[in-house]
A.B. asks: 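Here it is, the structure, as C-alpha cells.
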Amino acid sequence: MESGHGIPLLSSSPSRLSPTSRAHATELAGNFNRKSRVRRHAACAAVASAALLLLLLVELEIIPLPSYHSRSLSSDGSRSLPRGLAEPRSLVSEFAPNANLYGSSFAVRSGRFQKADVESGKSAEPVEPVESAPGGGGKSAEEWWKRVAQLPRLRAEQRRARKAQRHGRKAPGDGARGGGRGGVGLRLWPMPSEIVTQGSGEVVVSPNLRLDISFGEVPSMGGSRFGTAAGGMEGGGEVKEREGSMEKGEVKGEGEIEESGESRRVWLRNEGILQGAFERYLGIIFAHDYERRRAERMHDGMESRGEERRGEERRGLSERISADVGWKEPAAKREKAGLEEQEARAEEKGEEEEEVVVVESVRIHVAEAATELHMGVDESYELSIAHAPPSHDTDARATWHGHAITHAIIRANTTTGALRALETFSQLCAFDFVSRLVTAKGSPILIRDAPRFEYRGLLIDTARHFLPVVVMERVIDSMAHAKLNVLHWHMVDSQSFPIETPSFPRLWLGAFTPLERYTTDDMRHIVEYAEERGVMVVPELDSPAHAASWGVGYPSLLPSADCPEPLDVSNPFTFELIKGVLQDLRAVFKSTHIHLGGDEVSFDCWESSPTIKAWLQRRNLTSEGAYGYFVKRVQALAVEAGWQTAVIWEEPFKVFGRDLDPAATIVQNWFDVSLPPAIVKSGFRMIFSNLNRGWYLDFTERTWREVYSQEPTEAVPAPLRPLVMGGETCMWGERVDPSDILNTVWPRAAAAAERLWSPQAYVDAPFSQAHIRLHMFRCLLTSRGIEAAPVDNAHARSEAPGPGSCYRQ
C-alpha cells in the first residue's frame with residue numbers, strides 16, 4: 001500500500017520490514033523531504049513576490065488601502081497622518097453603511113481624487129448606491145430606495161390632506177416649510193446674511209453622504225511625496241509651477257523651509273478639522289438612524305475587510321437596487337381604493353411622478369489651505385443645494401437609477417467659514433417622520449453668509465464653580481451651533497485658582513479641592529476641542545483685584561493676611577510670578593489675545609499697608625498711579641511672553657486710558673452705558689457686554705428680548721463703528737454650576753448670537769419672526785443634547801410651565 005507520493009505506508013512495525021525494504025523506504029523519504037523543501041522555498045518566494053507586487057501597486061495608487069485605520073507616511077517615513085485622514089490635497093470621507101461589512105451596517109472610507117481629476121477641476125465619481133436606510137433601524141438599501149420612490153406620492157397625499165382640512169390647526173413646524181426668506185429663516189439660527197435663491201422643493205439626503213474637500217493653494221515641501229499634488233479646483237497650477245522651480249535646483253533658505261513646514265502642518269490640521277466636523281454633523285443629521293449609531297460603536301477597533309469582498313457585496317447590492325428601484329404600490333391595494341380616490345390619483349399623477357433629488361455628497365472648497373483660527377478670521381461662506389452648477393463643475397447634477405443626484409456645494413476662504421456652512425447645512429436637514437427620510441426643504445437654495453461682527457463671545461467662570469472638562473465641551477458644542485466664536489475663559493478669581501502653572505506649581509493650592517483642577521493637558525485639550533469647532537479660547541488672568549486665591553500657595557503676594565486684595569504692587573515677586581504664569585499660559589493657548597482683567601480695584605489694602613504706603617511715597621505715586629503702574633507693567637509682561645493684544649475691563653480706561661496703547665489694547669464695556677462712544681473716540685477697539693443691557697446672564701430675570709434688542713453700536717458714530725469688534729454675553733459662576741449652566745445660558749445667549757451675526761436691518765425688525773425661530777432653535781438645541789430652557793420663561797432655568805410642545809414654551 002502506497003501513499004499518493006509513492007511512499008510505502010508504514011502501517012506495520014518497522015521491525016517486520018526486510019533490510020532492503022527499509023533502505024528503499026529511507027531513500028524515498030529523503031527524496032520526498034528534499035522535494036518538500038524545494039516546494040516550500042518556491043512557495044515562500046512566490047508569497048514574497050506577491051507581497052512586493054502588492055506594495056508596489058499600493059505605492060503607485062493602483063490599489064487603495066482600507067484607509068480608516070491606515071496612516072499615510074511622508075516620503076521619508078518620519079511622520080504619519082492623524083487617524084482617519086487620507087493623503088492630503090483632497091479628501092473623500094464617505095459614510096457607507098453595508099449590511100455585511102464589519103458585521104454591521106456601517107463603514108468609513110477615505111479616498112482621494114486622482115491627480116489628473118484634481119488638475120482638470122473634476123470631482124470624484126458619483127456615489128455608489130445607498131446601502132442602508134437613514135432611519136429604518138437596519139432596513140436594507142432596497143427599502144431606502146423604495147421610500148425615495150414613494151416620496152412624491154406621500155407629498156401628494158399630504159397636500160390633499162391639508163386641502164381637505166383647511167380649517168385645521170397649523171402645525172408649529174409648517175411655517176418652516178414654505179418658500180421665501182421667512183420660510184428658511186424659521187429653520188436657521190442665526191439668520192444668514194443673504195439668501196440669494198430659495199425654492200419650494202425638497203431634496204433627500206443620502207445616508208451614504210460623502211465629503212469631498214479641495215483646497216485652493218496647497219503648501220508644498222518640494223521634495224515630499226505630498227508636494228507633487230495639485231491643490232484642488234483652483235491653484236493647482238501655481239503649486240505645480242512652484243514645485244517645478246524646486247526640481248530645477250532652487251534651494252530654499254532654512255527659514256523658508258520652516259515656514260513651509262508650518263504651513264503644511266496647518267493644512268493637515270485643517271483637513272482633519274473638516275473631516276471630524278463632517279462626521280459629527282452626520283451623527284446629528286441621522287440621529288434617527290439607530291443602525292448607524294450601533295454600527296459606529298461597533299466600528300471602532302474592527303479591522304477593515306478586503307476591497308475585493310467589498311466590491312462584490314456592492315455589485316450584488318447594486319443589482320438588487322436596480323431591480324427594485326422602480327417599486328410601485330401593489331396593484332391589489334390600489335384596486336381596493338374607491339373610485340373617487342382613484343380618480344383623484346389619476347388627476348395628480350403628474351405630482352406623484354415628480355423627480356426626486358438625492359444629495360449624495362457635500363463638496364467643500366477652501367481657498368486658503370494654511371489659515372488657522374484667529375481673531376478676525378474670514379468666516380464667510382457660500383452654500384448651494386440643487387442649484388445651477390458652476391461652469392467648471394459639469395457633473396454637479398447626475399442621475400442614479402432614474403433619480404437626480406446633486407451635491408451640497410460649500411465655498412469658503414477658510415476652514416472656519418466651511419465649519420459655519422456645515423452648521424447651516426445641518427440646520428436645513430430634518431428627519432421626516434412620514435417618509436422616514438432625511439430631507440432638506442427650500443431647494444434649490446443658495447446662501448451667501450458672513451458675520452456682522454468678528455467677536456461673538458460667551459464668558460464662562462470656572463473660579464466660582466468648577467466646571468468639569470466634559471461640561472466645558474458641551475458649552476463649546478452649543479456655541480458652535482449658534483456660530484459664536486470666542487470662549488472667554490475666566491479661569492481664576494478670589495474664590496479659587498484651579499489651573500496648573502508649572503512655573504509656580506503651588507498656585508493651584510488655591511483650588512476648592514485637589515479634585516477640582518485643570519492640568520495643562522486639560523487646558524490644551526479644551527483649546528483644541530474648541531478650535532475643531534471654530535471657537536477660539538481667550539483666557540483671563542484677572543489682577544490686581546480678584547486674586548485672593550493666589551495667596552494660598554504664595555502668601556507674600558498679598559498685602560496682608562487680613563487684607564488680601566489687590567496684589568502687593570510693591571513686591572517684585574508679584575511681577576516675577578505673573579510673568580511666569582503668562583508664559584505658562586502662552587505655551588497652552590493658541591490665541592494671541594489674553595484678558596488681563598483690571599476691574600473693581602479697591603485701594604484700601606494698599607493704603608492700610610505700611611510697606612506699600614512707604615513704597616508709594618518713595619515713588620511719589622498715588623493709589624491710582626500705582627493702579628496704572630500695575631496694569632501697564634503686567635501688559636508689558638504679556639507682550640514679552642508672546643501675547644499680542646490685551647483685553648481689559650473698562651475701569652483702567654476710565655482711570656488712566658490716556659496712558660494705554662490703543663493698538664495693543666481692547667476695552668470691554670460691562671457697566672457704564674455712556675462709555676462706548678468715548679472708548680472708540682479714543683481710538684480703542686471695544687467689546688460690548690453691558691450688565692445694564694441684559695448681557696450678564698447670571699441675572700436670570702433678564703429675558704431673551706432684552707438681550708436681542710441691545711445694539712452694540714448704539715450711540716457710536718457711524719465712522720467709528722468698525723472699532724466695535726462685537727459683543728459677549730457673560731455667564732458669571734456665582735449662581736451656576738455644572739447642573740444648570742446650559743439652561744441658564746440658552747436660549748438667551750442665542751439672542752445675542754443672532755444680534756452679532758445677522759444684518760442689523762433684520763435684527764432691528766419686530767420680534768415676531770425671531771420669536772418663532774428662537775423656539776425652533778431652542779428645540780434644535782435640546783434635540784442635540786443641550787439643555788436649553790423654555791424660551792418664554794420669565795426667569796432663566798425655571799421649570800417648564802406645564803405640559804406642551806417644545807415649540808410653544
Side-chain angles (χ1 to χ4, degrees), residues 190 193 373-380 413-414 416 450-459 483-488 535-536 538 540 591-599 628 631-632 635-636 638-639 643-696 707-730 752-764:
S193 303
L373 178 66
H374 61 271
M375 192 72 72
V377 68
D378 188 346
E379 299 177 75
S380 63
N413 289 325
T414 66
T416 308
R452 182 176 166 221
F453 291 101
E454 65 179 282
Y455 190 108
R456 306 177 308 281
L458 171 68
L459 178 147
K483 297 188 175 76
L484 294 176
N485 70 333
V486 179
L487 177 66
H488 175 176
V535 177
M536 182 170 59
V538 175
E540 180 179 354
S591 169
T592 59
H593 291 58
I594 185 170
H595 205 301
L596 296 176
D599 62 317
V631 171
K632 288 184 289 184
Q635 189 168 348
V639 172
W643 301 94
Q644 295 180 7
T645 305
V647 186
I648 57 173
W649 297 105
E650 65 183 41
E651 287 91 332
F653 171 79
K654 295 176 71 174
V655 177
F656 50 88
R658 62 186 179 278
D659 298 329
L660 298 174
D661 179 10
T665 308
I666 299 170
V667 179
Q668 187 163 1
N669 168 237
W670 72 273
F671 186 78
D672 189 343
V673 296
S674 65
L675 198 60
I679 294 173
V680 295
K681 287 179 180 177
S682 300
F684 289 90
R685 290 165 290 170
M686 187 197 79
I687 299 169
F688 176 85
S689 298
N690 204 281
L691 157 72
N692 298 299
R693 298 296 179 89
W695 285 43
Y696 267 38
V707 178
Y708 195 87
S709 63
Q710 301 307 314
E711 171 53 41
T713 61
E714 183 180 358
V716 174
L720 298 176
R721 288 180 181 176
L723 291 175
V724 180
M725 298 179 63
E728 177 180 283
T729 52
C730 299
E754 179 157 286
R755 167 63 64 173
L756 296 170
W757 180 282
S758 303
Q760 184 174 357
Y762 186 83
V763 293
D764 284 346

A.B. asks: Only counting residues at least two apart or in another chain, list the ones meeting side-chain hydrogen bond (donor to acceptor under 3.5 Å, both in side chains) with Arg456.
C.D. replies: Glu379

A.B. asks: Strictly distance-based, threshold 3.5 Å: is any side-chain N or O of Trp695 a donor or acceptor partner for the main-chain N or O of Val707?
C.D. replies: yes

A.B. asks: Does either side chain, that of Glu651 or that of Trp670, offer a donor lying less than 3.5 Å from an acceptor on the other one?
C.D. replies: yes

A.B. asks: Which pair of heavy atoms, one from Gln668 and one from Val647, lies closest together, and at what distance?
C.D. replies: OE1-CG1, 4.1 Å

A.B. asks: Is any side-chain heavy atom of Leu756 closer than 4.5 Å to a side-chain heavy atom of Pro712?
C.D. replies: yes

A.B. asks: Closer than 3.5 angstrom, by distance alone: can the side chain of Asn485 be matched with the main-chain N or O of Glu454 as a donor-acceptor pair?
C.D. replies: yes

A.B. asks: Would you say the side chain of Glu650 lies within less than 4.5 Å of the side chain of Asp599, judging by non-hydrogen atoms?
C.D. replies: no

A.B. asks: Would you check if the side chain of Ser193 reaches a backbone N or O of Ala450 as a donor-acceptor pair within less than 3.5 Å?
C.D. replies: yes

A.B. asks: Kindly give the heavy-atom pair with the smallest separation between Gln635 and Leu660, and that separation in Å.
C.D. replies: OE1-CD2, 3.9 Å

A.B. asks: Counting distance only, does the side-chain N/O of Ser682 pair as donor-acceptor with the main-chain N or O of Phe684 below 3.5 Å?
C.D. replies: no

A.B. asks: Restricting to non-hydrogen atoms, name the atom on Glu540 and the atom on Gly597 that form the minimum distance, rounded to 0.1 Å.
C.D. replies: OE2-CA, 3.5 Å

A.B. asks: Compare all side-chain heavy atoms of Pro717 with those of Lys681 and state whether any distance is below 4.5 angstrom.
C.D. replies: yes

A.B. asks: Using side-chain heavy atoms (C-beta onward) and a distance below 4.5 Å, is Met725 in contact with Val486?
C.D. replies: no

A.B. asks: For residues Phe653 and Ala678, report the shortest heavy-atom separation together with the two atoms involved.
C.D. replies: CZ-O, 3.6 Å

A.B. asks: Drop me the distance from Gln760's CD to Ser758's OG, to the nearest 0.5 angstrom.
C.D. replies: 11.5 Å

A.B. asks: Side chains of Gln710 and Arg755: do they bring a donor and an acceptor to under 3.5 Å?
C.D. replies: no

A.B. asks: Grab the two heavy atoms, one from Ser674 and one from Asp672, that are nearest each other, plus how far apart they are.
C.D. replies: OG-OD1, 2.6 Å

A.B. asks: Rounded to the nearest 0.5 Å, what separation is found between the OG1 atom of Thr592 and the NE2 atom of His374?
C.D. replies: 8.5 Å

A.B. asks: Check side-chain hydrogen bond (donor to acceptor under 3.5 Å, both in side chains) between Glu714 and all other residues, then give those that pass, not counting sequence neighbours.
C.D. replies: Arg693

A.B. asks: Rounded at 0.5 Å granularity, tell me how far OG1 in Thr729 sits from CZ in Phe688.
C.D. replies: 11.0 Å

A.B. asks: Would you check if the side chain of Thr414 reaches a backbone N or O of Asp378 as a donor-acceptor pair within less than 3.5 Å?
C.D. replies: yes

A.B. asks: Looking at Phe453, I'd like to know if its CZ atom is crowded, meaning that more than 12 non-hydrogen atoms belonging to other residues, nucleotides or ligands lie closer than 6.0 Å.
C.D. replies: yes

A.B. asks: How many angstroms lie between NE2 in His488 and NE2 in His593, if you round to the nearest 0.5 Å?
C.D. replies: 12.5 Å

A.B. asks: At their closest point, which heavy atom of Ser689 faces which heavy atom of Glu728, and how far apart are they?
C.D. replies: OG-O, 2.9 Å

A.B. asks: Within this structure, what is the OG1-CD1 distance for the pair Thr645 and Ile594, rounded to the nearest 0.5 Å?
C.D. replies: 11.0 Å

A.B. asks: Taking the side chain as C-beta and beyond, is there a heavy-atom pair between Trp643 and Leu596 under 4.5 Å?
C.D. replies: no

A.B. asks: Roughly how far apart are Ile679 CD1 and Ile666 CD1, rounded to 0.5 Å?
C.D. replies: 11.5 Å

